[in-house]
**Q** 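One structure, pasted below without further comment.
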2 protein chains.
Amino acid sequence: MLKKERQAYIIQQINIHNKVLSSDLCVQLAISEDTVRRDLQELAEEGKLIKVHGGALAKSFHFTIESKQVYSLPEKKIIAHKAIDLIKDGMLVVISGGTTMRELVNMLPPDLNATFVTTNVPIALELLEHPNAEVIFFGNKLLKSAQMAVGAEVVQRFGQIKADLCLLGTNSIDLNFGITDLEWEIIEVKKAMIACAQKTVSLAISEKLNSTQRLQVCALDQVDVLITELAPSDEKLLPYAKRGLAIL
Amino acid sequence: MLKKERQAYIIQQINIHNKVLSSDLCVQLAISEDTVRRDLQELAEEGKLIKVHGGALAKSFHFTIESKQVYSLPEKKIIAHKAIDLIKDGMLVVISGGTTMRELVNMLPPDLNATFVTTNVPIALELLEHPNAEVIFFGNKLLKSAQMAVGAEVVQRFGQIKADLCLLGTNSIDLNFGITDLEWEIIEVKKAMIACAQKTVSLAISEKLNSTQRLQVCALDQVDVLITELAPSDEKLLPYAKRGLAIL
DNA sequence: AAATTATTTGCGTGATTATGCGGGAACGCA
DNA sequence: TGCGTTCCCGCATAATCACGCAAATAATTT
């Protein structure tokens with residue numbers, strides 16, 4: 001095997017998985033670890049990847065780590081972290097949009113082997129960066145304001161799956177009106193997402209508690225878990241706990 | 001054996017295997033390694049292949065190795081600019097992926113009122129930035145390497161539309177093999193995109209002319225327009241013009 | 001046809017490159 | 001802190017390359 005060929009293979013692997021392990025490569029390519037390391041070093045010098053202990057990372061990966069943290073609020077990180085524990089290997093997870101979700105996807109453990117279904121373009125892009133996640137995008141007409149696919153086609157396709165978990169980024173949640181949103185087309189899709197999942201989790205920073213929008217996505221009793229950045233014992237959450245929601 | 005004959009054989013081998021080893025060639029052709037090396041060097045100077053230690057690689061290898069870097073941006077901008085003139089108000093445009101396409105979408109005039117259909121996530125995201133474009137995303141399982149949706153669902157949905165224009169980012173285009181690509185799932189989608197459009201336009205920087213990959217997307221006669229950064233009178237384009245392609 | 005010239009080819013030599021191995025240093029994790 | 005892994009460095013080996021030169025071949029001239 002030619003050297004350039006090997007390096008092309010490494011680049012390919014990097015582009016797909018966003019990372020490579022030296023140990024893996026030397027098995028796959030049937031060469032010594034030393035040669036792998038030399039290849040990685042060369043490619044790193046050419047700026048094609050970033051060499052780290054044990055292997056190498058895609059350049060884009062590095063950027064996302066460094067830049068995305070800038071506008072991610074610490075609260076959202078806390079929420080995302082709590083939610084990640086709910087995702088187990090082999091699950092089929094329906095996931096909506098929003099910056100909290102972006103953060104969550106970013107923080108997914110690299111060895112997680114789950115399938116994600118979304119209709120949100122930035123989330124899909126972020127999910128594609130994950131080495132092991134399988135990503136399904138239910139597409140159709142895209143709604144500019146929410147950067148997500150909407151419409152009957154999408155709703156219908158959610159009707160054809162049975163998901164384990166629905167992670168719902170939540171704009172507004174209220175004791176009486178449940179989860180609400182702004183646009184008709186969005187709530188249609190969110191309804192479908194909730195309906196197809198066994199368990200629905202609402203992710204909301206505490207500011208969004210007890211606020212309402214015009215249109216109802218679902219009543220409170222359709223939500224199983226509520227995740228905020230607050231401690232479960234916080235008094236703001238007590239009324240929700242009384243309604244039967246698990247609080248994290 | 002004549003020199004030209006040998007070199008033709010080498011080119012042939014390169015086209016089939018995407019690489020050759022000097023050591024193999026000198027056995028197959030029954031000549032000394034020195035001669036092989038001289039031949040490879042000549043062919044490399046003519047730009048027919050890339051010489052590396054131990055043999056030579058097809059030009060297409062160069063692309064995969066450079067892939068993540070947005071190289072030859074100025075050329076891509078020229079190409080994108082030429083292609084934009086083909087898009088008129090009210091059109092339904094099918095658009096594939098690639099950095100050239102990203103550039104094109106970026107350069108779209110803000111007052112353009114067209115509908116775009118794509119299966120590529122970054123392109124969709126870029127299109128969403130446009131104030132007037134309507135964006136349709138045909139989704140399904142997403143392919144990590146190409147960041148696009150693939151599979152029967154997608155193909156089927158292209159079968160349900162009649163587009164005015166298909167803008168095809170092209171990896172490799174060749175007089176005999178037409179447009180080719182790397183992955184089975186990708187060519188299936190591209191085929192569907194071409195089939196549903198009245199007019200197919202191939203966007204390719206001149207480096208990609210006369211290179212091939214393993215799988216054929218379509219023959220040359222299914223392409224209506226070829227756009228490169230070269231002047232239409234350039235001699236590299238003449239054979240394509242003779243095959244009936246409009247050159248921009 | 002013969003001679004001359006130009007081109008191509010093969011070989012030898014020494015230089016360059018690629019690769020693997022061993023030992024010690026550095027790292028990461030518990 | 002200690003242990004296993006990974007890394008870095010120097011070296012040895014083998015493969016590949018580049019250069020000059022001479023023989024062989026092809027092309028051109030006389």
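Just so it is clear, the values below take in all heavy atoms, side chains as well, and ignore hydrogens, waters and symmetry mates. Naming: A, B, ... by sequence-line order, numbering from 1 per chain. Small disclaimer: the values here were computed from a predicted structure and weren't measured.
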**Q** Is it true that B:Asp181 and B:Asn171 share a donor-acceptor pair across their side chains at a distance under 3.5 Å?
**A** yes
**Q** Going by ring-ring contact (aromatic ring centres under 6.0 Å, His included), name the residues that satisfy it together with A:Phe116, two or more places apart in sequence or in a different chain.
**A** none
**Q** For chain A and DNA chain D, what are the first and last nucleotides along the strand, 5' to 3', with at least one atom under 4.0 angstrom from a heavy atom of the protein chain?
**A** D:dT6 to D:dC9
**Q** Quick test of your reading of the model: are B:Glu103 and B:Lys76 salt-bridged, counting only N-O distances below 4.0 Å?
**A**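 Result for this pair is no, no salt bridge flagged.
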**Q** Got B:Leu127 and A:Leu142 here, is their nearest side-chain heavy-atom distance under 4.5 Å?
**A** no
**Q** Heavy atom of residues 30-42 of chain A under 4.0 Å from DNA chain D: which residues?
**A**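 Residues of residues 30-42 of chain A under 4.0 Å from DNA chain D: A:Asp34, A:Arg37.
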**Q** Under 4.0 Å from any atom of DNA chain C, heavy atoms only: list the residues of residues 4-20 of chain B that qualify, in numerical order.
**A** B:Arg6
**Q** What residues, two or more places apart in sequence or in another chain, satisfy side chain to side chain contact (heavy atoms under 4.5 Å, CB included) together with B:Lys191?
**A**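 B:Lys191: side chain to side chain contact (heavy atoms under 4.5 Å, CB included) contacts with B:Ile187.
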**Q** I'd like to know if A:Glu229 and A:Lys82 make a salt bridge, using a cut-off of under 4.0 Å between side-chain N and carboxylate O.
**A**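 Looking at A:Lys82 together with A:Glu229, the answer is no, because their closest N to O distance does not fall below 4.0 Å.
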**Q** Using chain B heavy atoms and a threshold of under 4.0 Å, write down where along DNA chain C the contacts begin and end, 5' to 3'.
**A** C:dT8 to C:dA18
**Q** What heavy-atom pair brings A:Tyr240 and A:Ile173 nearest, and what distance separates the two atoms?
**A** OH-O, 3.5 Å
**Q** Is the shortest distance from a Lys or Arg side-chain nitrogen in B:Lys3 or B:Glu42 to a carboxylate oxygen in the other one below 4.0 Å?
**A**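 Yes, B:Lys3 and B:Glu42 are salt-bridged.
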**Q** Answer yes when B:Asp39 and B:Arg6 have at least one side-chain N-carboxylate O distance shorter than 4.0 Å, and no when they do not.
**A** yes
**Q** Can you list the steps and then say if B:Leu237 with B:Leu226 is a side-chain contact (heavy atoms from CB on, under 4.5 Å)?
**A** CA-CA 9 Å; B:Leu237 297 173; B:Leu226 173 64; 4.1 Å; yes
**Q** Can you confirm whether A:Thr200 sits close enough to A:Leu165 that some side-chain heavy atom of one is under 4.5 Å from a side-chain heavy atom of the other?
**A**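 Not touching, per the 4.5 Å side-chain cut-off.
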**Q** Could you label the plane-to-plane angle of the A:Phe158 and A:Phe138 rings as parallel, tilted or perpendicular, counting under 30° as parallel and over 60° as perpendicular?
**A** perpendicular
